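Reminder, nothing fancy here: chain letters follow the sequence lines and each chain counts from 1. Computed from a prediction, not measured in an experiment: that's the story for all the values here.
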Amino acid sequence: MLHPSTVSWTALITAYMDAGRVQEAVGVARKAFASGMRPDSFTVVRVLNACARVTDLVTGEAVWRAAEQEGIAGSMFVATAALDLYVKCGEMEKARAVFDRMQNKDAVAWGAMVGGYASSGHPREALELFFAMQAEGMRPECYTVVGALSACTRLGALDLGRRAVGMLHCDEVLDNPVLGTALIDMYAKCGNTGEAWTVFQQMRKRDIIVWNAMILGLGMTGHEKIAFALVGQMEKSGMTLNDNTFIGLLCSCTHTGIVRDGQRYFRNMTQLYRISPRIEHHGCMVDLLSRAGLLEEAHQLIEDMPMQANAVVWGALLGGCKIHRNADLAEDVLKQLIQLEPWNSGNYVMLSNIYSNSGRWEDAAKLRLEMKASGVEKVPASSWVELAGKVHEFRVGDKSHPLSDKMYEKLDELGMEMKIMGYKPTTEVVMFDIEDEEKEHTLVHHREKIAIAFSLLTTEPGETIRVTKNLRVCSDCHTAIKLISRITNGEIIVRDNNRFHCFRDGHCSCNDYW
DNA sequence: ATAGGGTTAG
C-alpha cells in the first residue's frame with residue numbers, strides 16, 4: 001500500500017511536468033525526498049525524467065540512489081529512466097554501467113543507449129551496440145534505427161545507414177517523420193542530396209522538422225536555388241517558417257556567398273516573421289560576411305550581438321581569416337578561442353603555426369608550454385573507410401593494416417602522376433593547418449590519403465570513394481585529392497569533422513572554401 | 001499507466 005503522501009507528491013510533480021515547468025517539478029521532487037518520502041517506481045521514473053530534461057545530474061543521481069535503497073532499481077522502467085538521465089547529461093560510461101546491469105532490456109533501453117552514443121560523439125559505439133542488439137535476437141525498430149542513422153551521419157557511413165533503414169518496412173519509414181528526418185539528414189550529410197530529395201518527396205507525413213532538414217541539406221550542398229524554392233513551397237502549403245528554417249536559408253546564402261540575400265533574409269526574419277535571432281543566426285551572418293571577405297563587418301557584428309559570442313561564432317570569423325589570409329585578426333580570434341575551449345588542441349596548433357610562419361619562434365615556444373601546462377592533448381589524426389559493412393580505421397603511425405605496404409605503393413604511384421600534372425607537395429604545414437605531427441613523410445602520408453589509397457585498392461575503378469576523418473582536411477591533401485579525382489576519373493567524397501568535400505574531375509564541391 | 005527518437009552556424 002502506498003503512503004498517501006507519496007501519491008500527493010507525485011501528483012504535484014506530475015502537474016508541474018505537464019505544465020512544462022520542469023525545473024519546478026525537480027524542485028518539488030527535491031523537497032519530497034528531503035521530507036522522507038518513500039518513493040514508488042512511478043514517482044522515481046517521473047522525477048528522473050524531469051532531471052534528464054533539465055540535465056540535473058545531482059538531483060537525478062540522488063533519486064537513483066534512493067531508488068536503489070528502496071529496492072526498486074531493478075524495475076526496467078526505473079533503470080531505463082536512470083540510463084536516460086545519464087545519457088542526457090553526457091555521462092555515457094555511467095549510462096552503460098546501468099545498461100549492462102539490467103537483466104531485461106527491451107527495445108526502449110537499447111534505443112536509448114544507441115541514440116545516446118550517437119548524439120554524444122561516440123558513433124562507432126552506437127553502431128556496435130546496434131549490431132549487438134541484433135546478435136541477441138532483437139529486431140531493430142524505429143527508435144534504434146533513428147539512433148543508428150544518426151551515428152552513420154556522423155561517420156559518413158552511407159552504406160551502413162542504408163542497411164540500417166533497410167531493416168524497416170518502407171511504410172514505417174515514409175509514415176514516420178522522425179525517421180524521415182534522420183534519413184534525409186544522413187543522405188545530405190553523406191553528400192547524396194539526390195537520395196535525400198527522393199526520400200523527402202516520398203514522405204507521407206512531413207512536419208516542419210522534415211522540411212527544415214531538407215532545406216538545410218540543399219543549402220549545405222550548394223543547391224541554394226532549390227532550397228529557396230522549397231521555402232516558398234513550404235509557405236504555400238500552409239507551414240509557418242520557424243527559426244531553423246532561417247538557419248537553412250542563411251546557410252544557403254553562405255555557401256554561394258550571396259551576402260545581399262543573406263542580409264535580406266536576416267532582416268525579414270526579425271521584421272516580417274518576428275523571429276528573434278538566436279546566436280546561431282548571428283553565427284551564420286558572421287560566416288557569410290567573413291567568407292565574403294568583409295572581416296571587419298563580421299567582427300563588428302560579433303561586438304554588436306546581444307549575446308556573448310561562443311566558439312562557433314569566433315570559428316566562423318577564423319574561417320574568413322583563413323580564406324582571406326589575415327593572420328593578425330586570426331591571432332586575436334584564436335586567443336578568444338583558446339579562452340573559450342582550452343581543451344581544443346586545434347586552436348593551439350593553428351596559432352602556433354601562425355607564429356612559426358612569421359618567425360615568432362618565442363611566441364610559438366611559449367604557446368607550446370602553455371598547452372602542455374594546461375594538459376591539452378592533441379587529437380590523433382585518424383581517417384576511416386567503410387568497406388562491405390566494416391569500418392576500416394587508419395590512425396597516425398599505424399601501419400598494422402594488412403594492405404599497408406600496397407597502400408604506400410599506391411600512394412607513390414599516384415604521387416608520380418600528380419607530379420607530372422604539376423603538383424608540388426607542400427613540405428611545410430601551412431599557416432592555418434592543424435595537423436603538424438605526422439612525422440612519417442611530412443604531409444605526403446596524411447591519413448586521408450592512406451584511406452583513399454586503401455579504397456582505390458579495394459573498389460572497382462570509377463566507383464565512388466568515401467572517406468571520413470576526425471580533423472579538418474589540410475590544404476595539401478585538399479589539392480592532392482582534387483588531382484587524384486582527375487587521375488582516377490571517379491568521385492571521392494571526404495567527410496571532414498564539420499563538412500564534406502565532393503571531389504570530381506579535379507574540382508571540389510566546397511569551391512575551395514572550407 | 002509509468003521509460004526512448006529526428007533538424008540547428010566554425
N or O in side chain of A/Arg291 less than 4.0 angstrom from B/dG10 OP1/OP2: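 Yes.
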May I ask you to verify if any side-chain N or O of A/Lys88 is less than 4.0 angstrom from the OP1 or OP2 atom of B/dG5?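 Yes, A/Lys88 has a side-chain N/O under 4.0 Å of OP1/OP2 on B/dG5.
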Counting the atoms with a prime plus P, OP1 and OP2 as sugar-phosphate, which does [X] contact under 4.0 Å by heavy atoms, base, sugar-phosphate, or nothing?
{"X": "A/Asn49", "value": "sugar-phosphate"}
{"X": "A/Val178", "value": "base"}
{"X": "A/Ala109", "value": "nothing"}
{"X": "A/Leu337", "value": "base"}
{"X": "A/Val45", "value": "sugar-phosphate"}
{"X": "A/Leu216", "value": "sugar-phosphate"}
{"X": "A/Ile215", "value": "nothing"}
{"X": "A/Val210", "value": "base"}
{"X": "A/Asp185", "value": "sugar-phosphate"}
{"X": "A/Val313", "value": "base"}

Using the side-chain heavy atoms of [X], tell me which of these nucleotides is nearest: [options].
{"X": "A/Cys284", "options": "B/dA9, B/dT7, B/dT2", "answer": "B/dA9"}
{"X": "A/Asp106", "options": "B/dT7, B/dA3, B/dA9", "answer": "B/dA3"}
{"X": "A/Asp207", "options": "B/dA9, B/dG6, B/dT7", "answer": "B/dG6"}

Is the backbone of A/Ser290 close enough, under 3.5 Å, to the side chain of A/Asp287 for a donor and an acceptor to pair up by distance?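 Flag not set: sc A/Asp287 to bb A/Ser290 has no pair under 3.5 Å.
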Once the angle between the rings of A/Phe228 and A/Tyr265 is folded into 0 to 90°, is it parallel (under 30°), tilted (30 to 60°) or perpendicular (over 60°)?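 The rings of A/Phe228 and A/Tyr265 sit tilted, inter-plane angle from 30° to 60°.
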Centroid-centroid distance, A/Phe246 to A/Phe266, less than 6.0 Å: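 No; A/Phe266 has its ring centre 6.0 Å or more from that of A/Phe246.
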